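First comes the structure, then the notes that go with it.
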Amino acid sequence: MAENSIYGLMAEYDNPDDLLHAAQGAYAAGYRNMDAFSPLPIHDLSESLGYEKHRVPFWVLFGGMVGACTGFGLQYWVSVIDYPLNIAGRPFLSWPMFIPVTFEMGILFAAFGAFLSMLILNGLPQPYHPVFNVDAFESASSDGFFLCIEAEDPKFELSETRNFLEGLHATKVVEVES
Amino acid sequence: MATESFDHPFLNKIRTLGLLFGALFLVLTVIGAISNPQQFYQSYIIGYVYWLCISLGCLSLLMLHHLISGRWGFVIRRLLESGARTLPLMVILFIPIIFGMHNLYEWTHADVVANDPILKFKSPYLNETGFISRAVFYFVLWIGMTWLLTKWSRTQDETGEPGLKSKMINLSGPGIPVLILSVTFASTDWVMSLEPHWFSTIFGFIFVVGQALAAMAMCIIWVVNLSDADAFSEIEASKYLSDLGTLMFAFTVLWSYVSFSQFLIIWSANLAEEAPWYIKRGQGGWDIMAVALILFHFALPFFLLLQRAIKRRAALLLAIAVLMLVMRYVDLYWYIAPSFSHGGPVGFHPHFLDLTIPLSIGGFWLAYFAMQLKGAALVPLHDPRMAETFAGEGH
């Protein structure tokens, strides 16, 4: 099999700690194009793979701000500009009354920001991904822990990377077809 | 007696400085009290309620910890226990309030009540016997729960008996509603009845939340300063600072939520018996304080604590925790001090007693706290849940 038809090498691990150590080891050895798969969140795992920038929080804040401004603006436009009503002699711009809607709209749009930016930044929805070509990968959603080093990585060399992964307590290392 | 104890230079420093400053400000307070007894009682209730809130906040967070047993809770459990164990000190410090009842509470004057149908109507609850006997009841309840929880926790250190865990959980479950109800009644008695015509049903819960916030800020200050203690290095306590910061954030937001709810309800109803409370606090210098509360008790900590990078830097988190403790005092000051206008114009007249009293009580409180903290290991030794939580990966 030619090397360019390979997506990468996938190593399987028994437990989260082995996966975390393998990820740290691979990063220390200079591998960058890799990803880890686990059925449960593992503390420090994404950091050990070199993900330092979290871009979702910005979009959550952005969404929240847009939502809050929309909520306030909507009420302002209705109550002050388009259809001012005198309610018990209160000013048209009764800002305390506007806060609950402003707050709820902020929350709603922040949630939109979180959900959409998570999908888009992750490149989802993605109908095809090579890792699913590995049969054992199904257990990634139950009890399997995987580390996949991609062939694109400049340091990737089939036999050498295989040896390297096996040296990091992998229970099995398989090639992933692209 | 617990077999383990804890010692740290910071603890000794706080104890010495606490006693020193407590005594120093006590002298100033006594001078102020002799020259102006009325002002003394007015300032005393604010300073007293401020520190009592921190003690009670520690008790409520302690119960919360037993119920949810996150890792952050094991880091601060001993701090919370020591904070709750300051309650006997607060009983002694309650005595001046009993002496000052006539200076503080309008409803203690028989002639005023006789000419006021509303106060007459409320007199079956708002009377001196009821006030004192309820206070005794609250303290028995709070100290009783604290005594049991801390006794079990220390016995667990010695014997490691696994059954103690369930005892603490079983007390904390019903303990939280009991605490919330008793704090609601206590805040009604001691603070809300300063203006006996006014009422707000969310008032007690604002105190419950403010207490938890103050206690969490206090814990953060201690965790940062004790982070080089052996017991804290072992469990990498500073790793949990960002969790503590997140909880402080949550309580800050909750405080804003309940405080604003009270304002919104009263503002939208605009009733003659409710609205004056806010009108008083929205003029003559109090309005500036209200804006300061919005900016520094909500907006600034909100945007700072949103950022993980800030919560992970001990020095910054420490500064925010100090800010929160200061703002808790500003909040209580804004709640309580304008009550003493008795119909006249409400000016903003700060008095030096408003500073010396909380600082004096605070000095003694911190010294007492430090002594309590010395009595046991800094981190629980044999809680079976600890092994589970620190071995697993979740929070």
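The basis for the numbers below is simple: all heavy atoms, side chains too, and nothing from hydrogens, waters or symmetry mates. Proteins come first, then strands; the chains are lettered A, B, ... in the order of their sequence lines, and each starts at number 1. Note that the structure is a prediction, hence the values are computed from the model and not measured.
- Counting all heavy atoms, side chain and backbone alike, Asn270(B) lies closest to Arg90(A) at CB-NH2, 3.5 Å.
- For chain B, no part of Ile87(A) is nearby; none of its heavy atoms comes within less than 4.5 Å.
- In the displayed structure, Phe62(A) atom CZ is contacted under 6.0 Å by at most 12 heavy atoms of other residues, nucleotides or ligands.
- Contact detail for Phe260(B) and Pro100(A): the closest heavy-atom pair is CE2-CD, 4.4 Å.
- With rounding to the nearest 0.5 angstrom, the CG atom of Leu61(A) is 6.5 Å from the CG atom of Leu306(B).
- Counting non-hydrogen atoms of other residues, nucleotides and ligands closer than 6.0 Å to CZ of Phe58(A) gives a total above 12.
- Around OH of Tyr76(A), the count of heavy atoms belonging to other residues, nucleotides or ligands within 6.0 Å does not exceed 12.
- Shown here is Phe302(B), whose CZ atom has more than 12 heavy atoms of other residues, nucleotides or ligands within 6.0 Å.
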